[in-house]
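Here the structure is laid out as structure tokens; the discussion comes afterwards.
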Amino acid sequence: METNVMKWNDIYFDGDLSEKVMQHLKDLELEKKSKEVLFFLERMFRYMKRAGISGTDFTDEQAQQLNLISKLVEDVWSGFILPFTLEYRHKKLDEYVLKTPLVKTQEDGIFLDIGCGFPPHTTIETSSQLKWKVIGIDPSLPTYLVKDIQGNYATFDEQKKILYFQGSPGKSLDIWDTPQETKKYFITLFNKLFKMLPSESNSGCVLIKDEIGTLVVDPIARYENTNLSFHKGSIGDFEIEDVSVARCFNVLFYFDTTFRENSLRWLSNVLKENGLFICGVNGDHSTRCRHTVYQKKKGSMVAIEFAFSVDNIRPLGGVTWAAFHDDDYETNTLIELVGVLRLKKRFVQKFDKRFDELLREKEMYIRDEDGYLVCSDSNLTPQEKEARKVEVYDQLDKEGYTQAAALELVESGYNAYRNEIGFIAIRLD
């Protein structure tokens with residue numbers, strides 16, 4: 001009997017997936033997954049085929065990641081979007097705002113970070129780079145934060161309902177293996193700590209109990225200062241005007257085109273004339289990035305640039321192809337452009353060869369005897385591996401591969417170039 005895994009291997013990878021990858025996919029136990037998860041995973045594989053990604057480049061590590069991804073998808077389709085953030089995720093985007101001639105002043109302005117998440121690492125980093133008033137909004141900003149002695153934490157709303165949980169930074173993601181048990185664990189911890197709060201506790205009150213954990217009331221207040229503030233709010237549900245730059249990442253791809261169009265109409269009222277809106281998807285240290293830049297012109301939002309990081313030409317993570325709807329603009333545009341590039345045989349052979357060399361030099365990935373890209377036997381931590389990936393991508397840009405990719409797109413009729421932050425970009429207007 002042909003299974004989904006076997007069918008997907010044949011349709012999207014010409015039957016070329018390795019035995020290790022196939023085993024990881026079988027371990028997903030797809031017959032137990034919801035139809036939403038199945039649609040999500042099949043969409044990822046369909047996008048990989050359209051982008052020209054071969055089975056020999058699909059690593060067992062990527063396949064293993066799908067276990068966690070599928071659990072996150074279940075949460076999204078149950079109505080909750082994780083407000084998870086990473087330090088330095090928007091480093092390149094901050095550079096873009098500082099460097100682009102589209103921003104006329106660096107001395108005064110309002111920067112609106114939509115879906116800032118918690119902890120709001122990226123918004124804090126932006127406020128340290130810009131001499132502007134920076135405002136972060138998110139509908140899921142917590143009223144309470146509880147942290148155990150291992151550094152794992154969970155947030156709760158004003159009704160004392162658990163919002164989400166995360167593992168200790170840099171540690172294993174094992175707490176996602178049994179999400180319902182993890183939620184019960186944090187609820188129990190929260191209830192114990194909450195009973196210890198003095199009745200007259202004020203915002204920002206912190207209770208530390210070493211053998212139990214820590215409870216923080218109004219944890220977002222700890223990050224605010226004279227030019228940085230946070231508010232509960234979301235697209236279409238926050239009153240503000242005269243914004244110079246608005247940013248919204250890892251949010252819109254959860255929603256359909258209608259939501260996006262409504263968002264752009266709202267932003268046309270929020271932004272000042274010639275103000276910018278930057279939206280898309282971003283990963284660690286601005287890798288796996290794809291984004292669109294809009295500008296308000298004569299009262300309307302006009303798409304002026306689409307850009308993506310060089311690692312998308314042959315991604316090492318499956319999240320690059322993640323989208324919750326078939327009509328996601330950034331994902332489809334990325335697939336179109338990567339698909340064009342991977343048909344450029346001379347360019348892609350040179351790119352892939354150099355990419356493999358750098359991955360081998362960094363002791364991250366090697367080719368096995370059958371030609372499959374597999375993790376090397378080095379004992380790198382996840383953080384060390386991510387840092388080395390960034391080094392590899394930066395080296396590819398330094399060696400001219402970003403510029404070369406842009407020139408290949410020019411030959412195919414696109415108005416392409418290497419933009420201010422070293423991304424492959426196309427002019428849209």
Side-chain angles (χ1 to χ4, degrees), residues 65 82-100 102-103 111-117 119-130 134 136 169-170 245-253 276-294 305-323 328-331 333-334 337-338 355 358-359 362 364 382-403 405-406 416-426:
Q65 290 172 3
L82 291 173
F84 179 59
T85 62
L86 293 168
E87 291 181 277
Y88 313 116
R89 171 180 268 179
H90 297 333
K91 183 175 184 291
K92 291 280 189 180
L93 301 175
D94 287 338
E95 289 179 18
Y96 180 83
V97 174
L98 289 169
K99 292 179 179 180
T100 177
L102 296 171
V103 175
F111 185 100
L112 180 65
D113 203 8
I114 304 166
C116 62
H121 298 302
T122 53
T123 315
I124 295 168
E125 291 160 2
T126 297
S127 71
S128 70
Q129 295 296 315
L130 300 178
V134 177
V245 177
R247 180 176 69 198
C248 184
F249 269 72
N250 301 62
V251 173
L252 291 182
F253 81 139
L276 300 184
F277 174 53
I278 310 171
C279 64
V281 178
N282 209 1
D284 191 33
H285 284 76
S286 298
T287 59
R288 304 186 296 278
C289 186
R290 54 190 187 267
H291 70 265
T292 308
V293 180
Y294 290 85
E305 181 183 89
F306 176 83
F308 62 100
S309 52
V310 70
D311 56 284
N312 286 293
I313 295 175
R314 205 189 79 195
L316 293 172
V319 179
T320 296
W321 315 112
D328 180 70
Y329 176 76
E330 277 79 30
T331 308
T333 306
L334 175 69
L337 297 174
V338 172
F355 194 17
L358 290 169
L359 293 174
K362 295 290 184 181
M364 295 169 58
Q383 290 68 40
E384 290 171 333
K385 184 168 284 189
E386 283 299 323
R388 293 193 184 189
K389 285 180 184 178
V390 174
E391 292 172 4
V392 169
Y393 303 148
D394 286 345
Q395 185 63 33
L396 288 170
D397 180 45
K398 289 177 183 177
E399 294 181 13
Y401 285 95
T402 304
Q403 180 66 22
Y417 47 93
R418 178 186 181 276
N419 73 3
E420 298 91 338
I421 55 174
F423 283 4
I424 304 157
I426 58 172

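- The CG atom of L316 lies 9.0 Å from the CD atom of E386; values are rounded to the nearest 0.5 Å.
- With 3.5 Å as the limit, one finds a donor-acceptor pair spanning the side chains of Q395 and E399.
- A side-chain donor from one of T292 and E330 sits under 3.5 Å from a side-chain acceptor of the other.
- Between R290 and the choices T333, T320, T331, D328, the side chain to side chain donor-acceptor pair (under 3.5 Å) rule is met once, by T331.
- Although no hydrogens or angles enter the test, the distance criterion places a donor-acceptor pair under 3.5 Å between the side chain of N312 and the main chain of C289.
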Go through the steps to decide whether D94 and K99 satisfy the test salt bridge (charged side-chain N to carboxylate O under 4.0 Å, His left out), and finish with yes or no. CA-CA 9 Å; D94 287 338; K99 292 179 179 180; over 6 Å; no
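- Side-chain contact, T287 with D284: no donor N or O sits under 3.5 Å from an acceptor N or O.
- Between R388 and E384, none of the side-chain N atoms (NZ, or NE/NH1/NH2) sits under 4.0 Å from a carboxylate O, so this pair counts as no salt bridge.
- Expressed to the nearest 0.5 Å, how far CG of D113 lies from CD of E125 amounts to 10.5 Å.
- Between H291 and Y96, the angle of the ring planes goes over 60°, which puts this pair in the perpendicular group of the 30/60° scheme.
- Look at E391 and K362 and you find a salt bridge, because one of the NZ, NE, NH1 or NH2 atoms lies within 4.0 Å of a carboxylate O, short of that distance.
- Although no hydrogens or angles enter the test, the distance criterion places a donor-acceptor pair under 3.5 Å between the side chain of S286 and the main chain of R89.
- Remark: the T126 side chain and the R247 side chain contain an N/O donor-acceptor pair separated by less than 3.5 Å.
- A donor atom on one side chain and an acceptor atom on the other are not found under 3.5 Å apart for S309 and R288.
- Summarising the geometry, atom CG belonging to N419 is positioned 8.5 Å from atom OG1 belonging to T100; distances are rounded to the nearest 0.5 Å.
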